[in-house]
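One structure is given below, encoded as structure tokens.
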Protein chains: 2
Amino acid sequence: MKDKNSLRVAIAQVNSTVGDLHGNAVKISRYIEEAKNYGTDIICFPELALCGYPPEDLLLKPKFISDNVNILKNLTKTINGDIVAVVGFADGEFKKAYNAAAIIHNGQIKGVYRKNFLPNYGVFDEQRYFSSGDKSLVFGLSDFIFGVNICEDIWHPEGPTKSQAAAGSKLILNINASPYYATKFKERQAVIAKQAKTNDVFVVYANLVGGQDELIFDGQSMIVDNKGRILARAKAFAEDLLIRDLGIPVSRLKHPKKVIKIANLLSTPKTGLVIPQKPKVLEPVAEVYQALVLGVKDYVVKNGFQKAVIGLSGGIDSSLVGALAVDALGNENVTGVFMPSRYTCSQSQEDATALAKNLGIKFVTISIEPIFRFYLLVLEPHFAGLGRDTAEENLQARIRGNIMMAFSNKFGWLVLATGNKSEMSTGYATLYGDMAGGLAVIKDVPKTLVYKLAVYRNSLHQVIPERVFTKAPTAELKPNQLDQDTLPPYEILDAILKAYVEEDKSLAKIISLGFDKEIVNKTIGMVDKNEYKRRQSPPGIKITPKAFGRDRRMPITNKYCG
Amino acid sequence: MKDKNSLRVAIAQVNSTVGDLHGNAVKISRYIEEAKNYGTDIICFPELALCGYPPEDLLLKPKFISDNVNILKNLTKTINGDIVAVVGFADGEFKKAYNAAAIIHNGQIKGVYRKNFLPNYGVFDEQRYFSSGDKSLVFGLSDFIFGVNICEDIWHPEGPTKSQAAAGSKLILNINASPYYATKFKERQAVIAKQAKTNDVFVVYANLVGGQDELIFDGQSMIVDNKGRILARAKAFAEDLLIRDLGIPVSRLKHPKKVIKIANLLSTPKTGLVIPQKPKVLEPVAEVYQALVLGVKDYVVKNGFQKAVIGLSGGIDSSLVGALAVDALGNENVTGVFMPSRYTCSQSQEDATALAKNLGIKFVTISIEPIFRFYLLVLEPHFAGLGRDTAEENLQARIRGNIMMAFSNKFGWLVLATGNKSEMSTGYATLYGDMAGGLAVIKDVPKTLVYKLAVYRNSLHQVIPERVFTKAPTAELKPNQLDQDTLPPYEILDAILKAYVEEDKSLAKIISLGFDKEIVNKTIGMVDKNEYKRRQSPPGIKITPKAFGRDRRMPITNKYCG
């Protein structure tokens, strides 16, 4: 051992799967064995690592909680040697459950910390499931005292971090399942650094990684010293085992009372540890791109699929989704379907074909014309004397949706929908048409960011034809149609949508920011009126502070405007 | 005045609309004027009557809360005369809002009670929006003391009812927005009666009425005396103004401290009041039927529609939905569309035609055959060598969905989807096909109850042809298909689904109830596997203790089985 007073800590930044209790336990075991090989003293796993996060209403099944407790007990028996493992699990029982961390050593659970602060905002519903813990336990390894707390706990200045530090902790192990949105790691880092410095403690911040329905957990776990300096950071968007000697100067404190003694200071001979370089922090656009790739991969794979199918229109949205799908699943697992109508221009066909070729994916062309004609024919007697309108436009999108679903049903491929957040907000998309699919990959990505992501992807290796960036966006559902006939320019639209959808600003407030009154009014009206469509849309990957879905729970029936 | 010591109380059981602050205020005003004509001393409105319930994330808009407070202030100025009005509204401000009741007299807000107990289970997310009040105010009209509290508050034995009674209250005004499920009023009645008796107080229980997205508020407000006896009950599923002289013997108590004095005992001359008969309590099946009628009516009308369109198959589900739609909207506002394919038998056509005739609705027949043939044709090269399967079955359902949506888009009719809870649970329905629509009317109604509801409807006036009850259910998507080829008999299926979906019982527990292991296993597997479909289904009307939607929040990505 290099230094008897220097603790070697590890963060196992694992990708758990919700409900896969056995699989998660096996993974935890494997990481513990691996960490032991490196002479690790303490290893931390993320929040609810054993049952996955968020388990949502699985927690209302009494057997789910008891199964998870039993698996923890079995896992505990297998944890031997000098290592201390901190494992997130659901403690307690039905109607009295806790979001908890077990502190395990030598085949025994030495203590259990129960989360004090339960978030119940945004995507979080923790007060639906959990009771609050009210203790700030500290643990002793010989004279070395540390505290354990969970996620939200460390964001509260008067929370357990403070009391654990006051009880002599030199180190706080804070385990997390902190959902991603763009550049969120900076917010976390600021809070963790501040808490570390304020309380004069090292902080080991262990975050979950992986996709779960609409959420991405980005990892980016970190170790921060008692001055608030980042000592080490784990990978973004990938599993990682981060190990670090803290070199904390341990003074021979007299133990305060109420320290749960785990063991004497650990005696595994330690060899010098090669500290991995801090992973390069990703640029914001690259970060979002990687988040989306992980989101696609985990949604597809964790739901038992292997292959995906995408309707390619030759436009920017489906081009980006195609590239994301290939990066997530491999080009051998992606099929692009091009479905022209009478309104499809030849450039669209050329661009879709070129994209598919560049991506190296299977490419299929199916004209929707004959089917469309028969719909028009059977509806003619009922629509007699009425002009063409969205009824006929939507029919085209819905025929395409049906064809995509037929491929899905026939071959077991997951349909990736290609609508972006600007469309999803304004209802500029067809329910059961282009909105059809298992996952709406860029549902939370505004159109202006779609372009930036596409530029980024092309900067790695050009796959999206140049013309896709320069031509005016169009749904091609009627002659000479352009998005901009119906929607304001995307730069303006996206700014208004951010203010209204993500920041809950009022009409008057948005106008006061300098936007045209009529445009703001129209935009807000479209957002409000299309809640019913979003309620039936596929899940999408959250990358902004407020996504549609669990994050934004608006009534459909709603007469408020303002 | 009959008796200076006899208070005359009123419950204004109003149908508020979420977000319609102005409209709700106008309605509240009207009821107050009406009650004044009857010499009412105190009138109660339901929980959040001013902004509607539940406003969900509208409460995260700072302006929504301030708008609602301002409208309350304006409303207050108009409330004059001797009457005291108790009006539910959202108090406070953004990030510090309260579910509150204003006690208004003579143009002034005399006091505000803030809900202490905030439900955060089932369909409720109140801790997402509100802070808890911590006071149990009591109010004095001369020497007569009463307390006000809100919904959940009265369900807690140690809650404000107890402390308000201890502070001298003879009467508790408990205002509610209690969502309906079958026979729930019995549960409420038992709790209210017990609290009244235990605390020796009269209770005026004012409930909301109306539909809001997936929720129905059934009204059935009541007045209970201090022995727990029901003195009066308001209508079910309709607005009502219930007025009653309480005849409480008021002893000349010395005021305890902390009573907010509102006024001297009221002096409006009272004439004898004709107490309406207690409305007949509805039989359980009739009650559900009425709930569904109100749910359809309010969803359609509050969302700005007038007419609805339904795909009629000649089966029991669409027949029931047709009848419900007519009872909710009137036959002149309902269109039935029959869409036969090669697999449709002549009996289906006869039964659908007869139903439409009996209901007196517009009836349209559109064969899906030509369209279906062209889908098969364009897909043939891609599906070469593969047999027919669900891909082709679902195509038929999706063509029908498209036709329904074309009618919706062309004429502005709302599509009512016809899938029942047994199908919704097991995924025995086609996403974007028969699941397409604005409202899934019987989404929370198990198939066995569908039959009972249909029998009940026919008992009023026969509209559903007799054969619809006796023929075996079939989706008619392939030759000789019967539901029972894929699903267990509905009596067994529905019992298993109730245990699993509504009661969260485990596999082992359900088997121990006497069901066949293989059937239970298969059923549970179907439920779990089809979460993705339900996530994209239209809203449906909650009539059971646990409905799909906000009430049951299961992850899609989920490896737990048990």
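In what follows, every chain begins at residue 1, and chains take the letters A, B, ... in the order their sequences are listed.
Of the atoms belonging to Thr365(B), it is backbone heavy atoms, and not side-chain ones, that fall under 4.5 Å from chain A. Both the backbone and the side chain of Ile556(B) come within less than 4.5 Å of a heavy atom of chain A. In this structure, no portion of Lys362(A) lies under 4.5 Å from any heavy atom of chain B. Only the backbone of Asp551(B) comes within contact range of chain A, with heavy atoms under 4.5 Å apart. At a 4.5 Å heavy-atom cutoff, Lys95(B) makes no contact with chain A through either its backbone or its side chain. Contacts of Glu392(B) with chain A are made by side-chain atoms alone, with heavy-atom separations under 4.5 Å and no backbone atom involved. When heavy atoms are compared at a cutoff of 4.5 Å, His382(B) approaches chain A by way of both its backbone and its side chain. At a 4.5 Å heavy-atom cutoff, the contact between Leu58(B) and chain A is made by backbone and side-chain atoms alike. Heavy atoms closer than 4.5 Å to chain A are found nowhere in Pro381(B), neither backbone nor side chain. Both the backbone and the side chain of Ile399(B) come within less than 4.5 Å of a heavy atom of chain A. When heavy atoms are compared at a cutoff of 4.5 Å, Tyr375(B) approaches chain A by way of both its backbone and its side chain. Heavy atoms closer than 4.5 Å to chain A are found in both the backbone and the side chain of Leu60(B).
Chain A forms the most heavy-atom pairs under 4.5 Å with one residue out of Val364(B), Ile371(B), Asp20(B), Ile368(B), and that residue is Ile371(B). Note: Arg128(B) leads His22(B), Lys63(B), Arg128(B) in heavy-atom pairs under 4.5 Å with chain A. Most heavy-atom pairs under 4.5 Å with chain A, from the set Leu507(B), Asp125(B), Leu377(B): that is Asp125(B). Among Pro62(A), Gly122(A), Pro119(A), Gly549(A), the residue making the largest number of heavy-atom pairs under 4.5 Å with chain B is Gly122(A). For the set Thr390(A), Leu431(A), Leu395(A), Asp389(A), the count of heavy-atom pairs under 4.5 angstrom toward chain B peaks at Asp389(A).
By the salt bridge (Lys or Arg N to Asp or Glu O under 4.0 Å) test, Glu126(A) pairs with Lys115(A), sequence neighbours left out. Considering only residues two or more places apart in sequence or on other chains, Asn15(B) meets the side-chain hydrogen bond (donor to acceptor under 3.5 Å, both in side chains) condition with Asp298(B), Lys302(B).
Between the side chain of Gln212(B) and the backbone N or O of Thr557(A) there is at least one donor-acceptor pair closer than 3.5 Å. With hydrogens and angles disregarded, no donor-acceptor distance shorter than 3.5 Å links the side chain of Arg398(A) to the backbone of Ile403(B).
With rounding to the nearest 0.5 angstrom, the CD atom of Gln536(A) is 7.0 Å from the OG atom of Ser537(B). Interatomic distance, CG of Leu439(B) versus OH of Tyr532(A), reported as 14.0 Å (0.5 Å rounding). Residue Leu379(A) holds its CG atom at 5.0 Å from CD1 of Ile366(B), rounded to the nearest 0.5 Å. In this structure, Arg553(B) CZ and Leu59(A) CG are separated by 13.0 Å, a value rounded to the nearest 0.5 Å. Of the inter-residue distances, the one linking Asn120(A) atom CG with Tyr129(B) atom OH reads 9.5 Å to the nearest 0.5 angstrom. Here the CG-CG distance, from Asn558(A) to Asp213(B), works out to 9.0 Å after rounding to the nearest 0.5 Å.
Taking 4.5 Å as the heavy-atom cut-off, the residues of residues 405-414 of chain B that approach chain A are Met405(B), Ala406(B), Phe407(B), Asn409(B), Lys410(B), Phe411(B), ordered by number.
In terms of heavy atoms, Pro555(A) sits closest to Pro55(B) at CD-O, 3.6 Å.
Annotation: salt bridge (Lys or Arg N to Asp or Glu O under 4.0 Å) contacts involving residues 371-388 of chain A, sequence neighbours excluded, comprise Glu369(A)-Arg373(A).
Both tests hold for Lys61(A) against Tyr500(B): distance to the six-membered ring centre under 6.0 Å, angle to the ring axis within 45°.
Counting only heavy atoms from C-beta outward, the side chains of Ser367(B) and Val378(A) never approach each other to under 4.5 Å.
A donor atom on one side chain and an acceptor atom on the other are found under 3.5 Å apart for Tyr560(A) and Asp67(B).
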